[in-house]
Amino acid sequence: MARDAVEAAWHRATASGALPPLPEGTALDVAIERPANVEHGDLATSLALRLARPLRRPPAAIAGALADAITVGSGEPIVEAAVAGPGFVNLRLADAAIEAFLDTARAEPAAWGRVDGPRSGRRVNVEFVSANPTGPLTVGNARGAFVGDLLCRVLEAGGQQVTREYYFNDSGAQVRNLGASVLAVRAGDPVPEDGYHGDYVADLASELPAGIAAGAEGSPEAATWETGRWASERIRAGIEATLDSLGVHFDVWKTEGSLHAEGWVDRAVERLRAGGHLYEQDGALWFRSTAFGDDKDRVVIRSNGEPTYFASDIGYVTEKLSRGFDHLIYIWGADHHGTVARVQNAAQAMGYDRAAVEILLTGWVSFVRGGVEVSMSKRAGTFVSLDELLAEIGPDAARWFFASRGANVNIDFDIELAKKQSNENPVYYVQYAHARIASILRKAAEAGLAAAPSLRGSLAGPEEATLARIVTRFPEVVEDAAEAQETQGVTTYATELATAFHAFYRDAKVVDAANAGRSAARLALVDVTRITLANALGLLGISAPEAM
RNA sequence: GCGCCUGUAGCUCAGUGGAUAGAGCGUCGGCCUCCGGAGCCGAAGGUCGCAGGUUCGAAUCCUGUCGGGCGCGCCA
């Protein structure tokens, strides 16, 4: 709203010659900020400061011309525009404009906070988690799951079409190892050195159907593979159930085996060969990754004829892009950063837009329990499963924890602390505000009071004005989140909005039969606050309870 | 050794070149005749690791340096 007004003012100022046009290649980035000091106005733009350099003019002069070009007065969305400080233009919004804007939220709550961003309509594939099904998901997988799903939600809010994809290996040596481990436990033998030791292996061993344990052909090798595949699928189904309880649902489960079976890997390798990007050495086939800036070349086909994992990656890129995606996003743990360049290099070598392959790395999570770091080796069987974590702190609190932190920073997660503080967790604070409003609305209904259909004229007092102005910011918060592909801004905003509501609640009596008119107006404002809290939480995949 | 990430309040973390660097938790002090006290109000607490540089302006960008994490396979 304010952004549009400032942008329009800019165009008027340049059209009239009051300001010079933007130099070629400079974007008009109208940054709308909230002044640190509320007395400076509702909003401020630092546009003049940002343009001082490209326009080669003093910021104050630009700000002056910009402020002059902003249409102010009654009937306009902005009632006051003033230059302040080094070149800010402080803006004061008209109550009527805010009221009308908030009415649109109540008219169509589902659309409130869905924005038409610059990437609107883009088809994007987001692949995340992708843990091989050799054991249950651990707390180590939690970050990828939440970060991935949160990213998808933010992209969707920005109008993008998102496919959530999970990639796993159902045919490799680990599957055989898993089978051997299960059979060993079943037979009462020690688990092989490189096998899997967790309790889940024993559970699988006891549930393993005799027919599979024996093997279709009766040979031990066949039995091992069959058991491995059976166990792997059981585990995969368990992983899906765990993710389900997190609120994470995948659209596509893709196996590495299918990439080979469908010829994607072979065709991708052929494509690289045709482009002259491959060479043979020491019996292996290498990709000339250094030609694209990598620090060494990478093996695609081993000297024993087996393709590498990297070969599968290459095939997968072509397979994904063949499905019509405009953009691919991978979410990997920070320990995989060494493989980022080679995948992008290969994509570029095959003729794709390098920028279409985006790889986001999540920082490390140190899970700590009572001050002691929890180790997470599936093979050693010493780990905390994601299911256990969720049983202790719940998906809403866990989601908030990851949503409020940057994806690529290392963080400490003390499980005991998270449990102990769970009732003091900001997520409950925000949910409480929502439940409190729901309670107020129920109370009002009992008293025969209804919210006014329109907020027009309802921002009478300073309490209303303050809360309404914060609600108004929501779409811009979502827009920023979609642009930055991050959710921290949303948690910060939700907390701020909850705080503003609690303050409003303290100062303004909402349900008041003695003053039905004012009550109706305040109910309308409280209702749009509730919608905004619910949408902010919904954007994060967190529930918005009617009662707690 | 080389590469990537990272260092902000006692703790966990926000802060996308802009005005007086914020939140939660913890600590201290107040607020329950009244719509939900999972709440509200206030206080203490900071050389933004350190040193240079870039410019009107740097927690933010650049260089160096110190500390932490992770990588540097014909593993996945």
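Atom set for the values below is all heavy atoms of this structure, side chains included, hydrogens, waters and symmetry mates excluded. In this text, all values refer to a predicted model and were calculated from it rather than measured experimentally. Every chain is numbered from 1 and lettered A, B, ... according to where its sequence line falls, protein lines coming before strand lines.
A donor-acceptor pair is defined here as one N or O able to donate and one able to accept, closer than 3.5 Å; no such pair exists between the side chain of A:Q485 and the backbone of A:L155. Under the 3.5 Å distance criterion, the side-chain polar atoms of A:T255 are matched with a main-chain donor or acceptor of A:S258. Distance alone, capped at 3.5 Å, is enough to place a donor-acceptor pair between the A:D297 side chain and the A:T290 backbone.
Listed by chain and residue number, nothing satisfies the salt bridge (charged side-chain N to carboxylate O under 4.0 Å, His left out) test with A:R354 (two or more places apart in sequence, or in another chain). Under the rule for a side chain to side chain donor-acceptor pair (under 3.5 Å), the partners of A:E127 that lie at least two apart in sequence or sit in another chain are A:S130, A:K320. Under the ring-ring contact (aromatic ring centres under 6.0 Å, His included) criterion, A:Y166 pairs with A:F250, A:W253, sequence neighbours left out. By the side chain to side chain donor-acceptor pair (under 3.5 Å) test, A:S303 pairs with no residue at all, sequence neighbours left out. For A:Y316, the ring-ring contact (aromatic ring centres under 6.0 Å, His included) partners two or more places apart in sequence, or in a different chain, are A:Y167.
Side-chain contact check for A:S171 and A:E256: no donor-acceptor pair (N or O, by modelled atom type) lies under 3.5 Å.
A:W400 is listed as a side-chain neighbour of A:L540, based on a closest heavy-atom distance under 4.5 Å.
Between B:G7 and B:A59, the distance separating the two C1' atoms is 11 Å to the nearest Å. Look at the P atom in both B:C41 and B:G24: the space between them is 10 Å, to the nearest Å. Taking the P atom of each, B:A23 and B:C31 are spaced 23 Å apart, rounded to whole Å. With P as the reference atom, B:A43 and B:U55 are 40 Å apart, rounded to whole Å. For the P atom pair drawn from B:A58 and B:C48, the interatomic distance equals 13 Å after rounding to whole Å. Across B:C34 and B:C13, the matching C1' atoms stand 38 Å from one another, rounded to whole Å. Look at the C1' atom in both B:U12 and B:G26: the space between them is 11 Å, to the nearest Å. Nucleotides B:C50 and B:A9 have their P atoms positioned 11 Å apart, rounded to a whole Å.
What separates CG of A:L361 from C1' of B:G69 is a distance of 13 Å, to the nearest Å. Spacing between atom CD1 of A:I440 and atom P of B:C35 amounts to 10 Å, rounded to whole angstrom units. Atoms CG (A:L360) and C1' (B:C5) sit 13 Å apart, rounded to a whole Å. Taking atom CD of residue A:E463 and atom P of nucleotide B:C35, one finds them 18 Å apart after rounding to whole Å.
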- Task: For the pair A:L178 and A:I235, evaluate side chain to side chain contact (heavy atoms under 4.5 Å, CB included) and give the outcome as yes or no after the intermediate values.
- Result: CA-CA 11 Å; A:L178 179 63; A:I235 291 170; 3.7 Å; yes

- Message: I'd like to compare against my own output: the B/S/- annotation of nucleotides 71-76 of chain B with a strict under-4.0 Å heavy-atom distance to protein.
- Response: SSSBSB

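Contact detail for A:Y429 and A:A498: the closest heavy-atom pair is CE2-CB, 3.6 Å. Nearest heavy-atom pair, A:E486 versus A:V154, reported as atom, atom and distance to 0.1 Å: O-CG2, 4.2 Å. Scanning all heavy atoms of the two residues, the minimum distance from A:Y428 to A:I393 falls at OH-O, 4.0 Å. Pairing each heavy atom of A:V343 with each of A:V357, the nearest pair is CG1-CG1, 4.3 Å.
Counting any heavy atom pair closer than 4.0 Å across all strands shown, A:Q485 reaches no nucleic acid atom. Nucleic acid contact class of A:A444 (heavy atoms, under 4.0 Å, all strands): none. At the heavy-atom level, A:D480 lies under 4.0 Å from base atoms of the strands shown. Using a 4.0 Å heavy-atom cutoff across all strands shown, A:N90 reaches at least one base atom of the nucleic acid. At the heavy-atom level, A:A435 lies under 4.0 Å from base atoms of the strands shown.
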Run the side-chain donor-acceptor check on residues 507-521 of chain A: report pairs under 3.5 Å with partners two or more places apart or on a different chain.
residue: A:D512; atom: OD1; partner: A:A514; partner atom: N; Å: 3.1
residue: A:D512; atom: OD2; partner: A:R518; partner atom: NH2; Å: 3.4
residue: A:N515; atom: OD1; partner: A:R518; partner atom: N; Å: 3.2
residue: A:S519; atom: OG; partner: A:V510; partner atom: O; Å: 2.4
residue: A:S519; atom: OG; partner: A:D512; partner atom: N; Å: 2.9

Please write out the pairs of protein N or O atoms and N or O atoms of nucleotides 11-15 of chain B separated by less than 3.5 Å, giving the distance to one decimal.
residue: B:U12; atom: O2'; partner: A:R405; partner atom: NH2; Å: 2.7
residue: B:C13; atom: OP1; partner: A:D412; partner atom: N; Å: 2.4
residue: B:A14; atom: OP1; partner: A:G406; partner atom: N; Å: 2.5
residue: B:A14; atom: O2'; partner: A:T492; partner atom: OG1; Å: 3.4
residue: B:G15; atom: OP1; partner: A:Q488; partner atom: NE2; Å: 3.1

Polar pairs (N or O, both sides) under 3.5 Å between protein and nucleotides 38-45 of chain B?
residue: B:G39; atom: O2'; partner: A:R436; partner atom: NH1; Å: 3.0
residue: B:C40; atom: OP1; partner: A:Y429; partner atom: OH; Å: 2.4
residue: B:C40; atom: O3'; partner: A:R506; partner atom: NH1; Å: 2.5
residue: B:C40; atom: O2'; partner: A:R506; partner atom: NH1; Å: 2.8
residue: B:C41; atom: OP1; partner: A:R506; partner atom: NH1; Å: 3.3

Would you tabulate the pairs of protein nitrogen or oxygen atoms and nucleotide nitrogen or oxygen atoms of nucleotides 53-59 of chain B closer than 3.5 angstrom?
residue: B:G57; atom: O6; partner: A:R53; partner atom: NH2; Å: 3.2

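Evaluated for a side chain to side chain contact (heavy atoms under 4.5 Å, CB included) with A:D527, the options A:L523, A:L525, A:I531 yield exactly one hit, A:I531.
If you find the closest nucleotide of RNA chain B to A:G363 and to A:T495, the one lying nearer the 5' end belongs to A:G363. Comparing A:N408 and A:S439 by the nucleotide of RNA chain B that holds the closest heavy atom to each, the one mapping nearer the 5' end is A:N408.
Annotation for A:E193: atom CD does not count as buried by contact number, only 12 or fewer foreign heavy atoms lying within 6.0 Å.
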- Message: What does the 5'-to-3' dot-bracket notation of RNA chain B look like when only Watson-Crick and G-U wobble pairs under 3.5 Å count, and pairs to other strands show as |?
- Response: (((((((..((((....[...)))).(((((.......))))).....(((((..]....))))))))))))....

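A glycosidic torsion no more than 90° from 0 defines the syn conformation, and B:C32 adopts it.
The aromatic rings of A:F292 and A:F287 sit parallel, their planes meeting at an angle under 30°, below the 60° perpendicular limit.
The stretch residues 509-524 of chain A touches RNA chain B through A:K509, A:V510, A:V511, each having a heavy atom under 4.0 angstrom from the strand.
Salt bridge status for A:R273 with A:E270: present, with a side-chain N to carboxylate O gap under 4.0 Å.
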